[in-house]
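As a basis for the values below, the full set of heavy atoms in this structure was taken, side chains included, without hydrogen atoms, waters or symmetry mates. Chain naming here is simple, since letters A, B, ... match the order of the sequence lines and numbering starts at 1 in each.
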Amino acid sequence: MPQIFRHSTNYLARATIFGAIFILLAALWVAAEITRSGWNTGAYIERQQPIQFSHKHHVGDDGIDCRYCHTTVETSASAGIPATAVCMNCHKQIWADSPYLEPVRASFKTGKPLQWIRVHDLPDFAYFNHSIHVAKGVGCSTCHGRVDQMPVVSQTNSLQMEWCLECHRAPEKFVRPREKVFDMEWRQRNSSKQEIEEGQKLVKEYRIQVGGKNGTGVMTSCSTCHR
Amino acid sequence: MRFAGIFARKARCSLAKKFVGDAGKAKPFRTSGGKAAHMDNDRHINFKLLRDHILSEPPAVAGGQKYWRHLDELADSPVFEEFVRREFPHAAEEWNNPVERRTFLKLMGASLALAGLSSCVIQPPEKVIPYVKQPEEETPGQGLYFATAFSLGGIATPLLVRSNEGRPTKIEGNPYFFASFDSGALRSRSFADTALSR
């Protein structure tokens with residue numbers, strides 16, 4: 001009876017049977033990396049806004065504090081986007097005739113608000129409160145990156161639950177003194193042993209409720225965020 | 001024959017062309033055997049044959065009229081019968097193949113399970129729209145409570161209204177007043193609360 005398959009098919013069959021497990025794992029790994037990638041999370045996309053507001057200039061060069069514009073970050077769940085009047089506080093006098101600022105002046109005159117494009121957006125089923133994070137020593141640059149170096153704001157982190165849990169499970173790695181929360185140059189994470197020790201002290205001092213094991217503490221409990 | 005003459009004139013109209021043969025005879029390319037077959041086959045295209053057929057039929061008895069929808073049906077030629085038979089087969093197969101049902105259930109089950117996937121797409125960017133001039137007492141995200149009143153049957157009823165950015169989100173009776181429009185239980189509970197808080 002003539003052989004349909006060549007002799008090398010034996011080796012191919014054996015290789016693919018063992019390789020199938022490897023191929024399956026590789027495929028799963030690729031899928032996992034894609035869901036964490038910037039394509040899926042929207043990270044590093046510079047969102048073009050209706051007005052070319054440069055944080056790099058206003059924060060980096062001019063030294064304006066975050067709270068001058070994002071006024072409710074210490075008191076409310078939402079940090080707040082500045083009202084047109086906040087822009088006009090300075091720009092009634094500085095660059096008062098600049099064509100770049102024409103939409104701002106028009107908004108102020110007509111009373112129609114400016115429509116900014118949201119950069120950091122969590123899904124609606126996740127509750128996030130800025131004020132508690134700021135009060136407990138989580139810095140602005142820890143989550144939002146070096147905004148003072150961004151001419152156009154982009155989302156530097158994935159904002160996925162996995163990323164949030166990285167801190168929620170080990171806050172000593174990310175917490176900083178309260179006075180340094182609005183300091184853009186402070187380190188974004190505690191890596192060395194000494195830094196982590198400092199972090200642990202702060203966790204105790206600020207009463208960050210890490211608590212029990214595996215979801216029983218407030219920090220790792222489901223209903224803290226999924227309300 | 002007279003009528004054929006009339007219809008030869010009317011053959012200018014394209015619609016009538018259908019019913020005009022060469023003086024009532026079939027077109028040259030038609031291959032039909034025998035005069036009877038020729039008459040039957042061409043009834044739907046030859047007006048003279050159609051007319052002869054209709055007039056030769058006995059008048060309908062019970063019920064009066066014989067109803068027809070179009071001239072082909074009235075002609076009742078074998079060509080038309082064939083057409084009807086193909087369109088509406090009397091002895092069509094019954095659909096009792098059990099594999100088909102299983103396939104159907106598989107498809108429905110899979111569709112139901114995977115229906116949620118249509119939302120697994122990257123969402124378009126949202127807009128965030130602030131005030132033009134933010135009122136001083138406003139904290140976006142936190143509500144502002146107003147003690148107000150509304151008229152219920154002519155009596156001013158005290159209300160406590162929570163407003164978020166100018167939108168009223170919760171209206172309830174003001175617990176510090178007796179004449180609240182909420183139920184008596186709530187009123188007495190809030191009474192107790194205020195008593196305890198002292």
Side-chain angles (χ1 to χ4, degrees), chain A residues 34-35 37-43 45-51 53 69-89 103-125 127-132 153-155, chain B residues 106-148 159-176 182-183 185-186 189-190 193-194 197:
Chain A
I34 287 176
T35 51
S37 73
W39 175 78
N40 189 31
T41 62
I45 296 176
E46 290 178 345
R47 307 270 174 200
Q48 298 300 328
Q49 303 287 346
I51 296 164
F53 178 80
C69 297
H70 301 283
T71 51
T72 51
V73 69
E74 290 168 309
T75 52
S76 165
S78 148
I81 302 290
T84 313
V86 174
C87 308
M88 293 306 287
N89 282 342
V104 184
R105 292 192 294 269
S107 158
F108 194 64
K109 264 197 286 270
T110 59
K112 273 190 69 174
L114 295 165
Q115 302 192 350
W116 302 95
I117 305 289
R118 210 171 164 68
V119 179
H120 295 86
D121 191 13
L122 281 183
D124 288 345
F125 49 78
Y127 173 75
F128 179 79
N129 189 312
H130 267 98
S131 59
I132 186 68
V153 177
S154 60
Q155 178 192 312
Chain B
K106 275 187 226 167
L107 283 175
M108 296 308 285
S111 314
L112 181 69
L114 298 173
L117 278 183
S118 61
S119 68
C120 283
V121 288
I122 295 168
Q123 302 298 313
E126 277 183 22
K127 288 213 176 120
V128 49
I129 303 175
Y131 282 95
V132 177
K133 286 195 195 79
Q134 187 166 319
E136 266 186 45
E137 55 272 3
E138 275 279 353
T139 309
Q142 278 187 5
L144 202 54
Y145 288 87
F146 289 92
T148 175
L159 294 178
L160 186 66
V161 177
R162 177 190 164 138
S163 103
N164 286 69
E165 292 102 49
R167 296 171 287 114
T169 38
K170 182 100 201 302
I171 300 172
E172 44 194 14
N174 193 326
Y176 288 103
D182 285 333
S183 68
L186 177 63
R189 196 195 70 182
S190 58
D193 280 347
T194 49
S197 66

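Comparing A:L114, A:N129, A:T110, A:V119 by how many heavy-atom pairs each has under 4.5 Å with chain B, the most go to A:L114. Listed options A:T75, A:T41, A:V104 were ranked by heavy-atom pairs under 4.5 angstrom with chain B; first place goes to A:T75.
Between A:A83 and B:Q134 the shortest heavy-atom distance is CB-N, 3.9 Å. Here the shortest heavy-atom pairing between B:P130 and A:P113 reads O-CB, 3.1 Å.
Under the 3.5 Å distance criterion, the side-chain polar atoms of A:Q115 are left unmatched by any main-chain donor or acceptor of B:K127. Side-chain N or O atoms of A:T72 include none that pairs as donor or acceptor with a backbone N or O of B:T139 at under 3.5 Å.
In this structure, no portion of A:P123 lies under 4.5 Å from any heavy atom of chain B.
Between the CD atom in B:E136 and the OG1 atom in A:T71 there is a gap of 11.5 Å [rounded to 0.5 Å].
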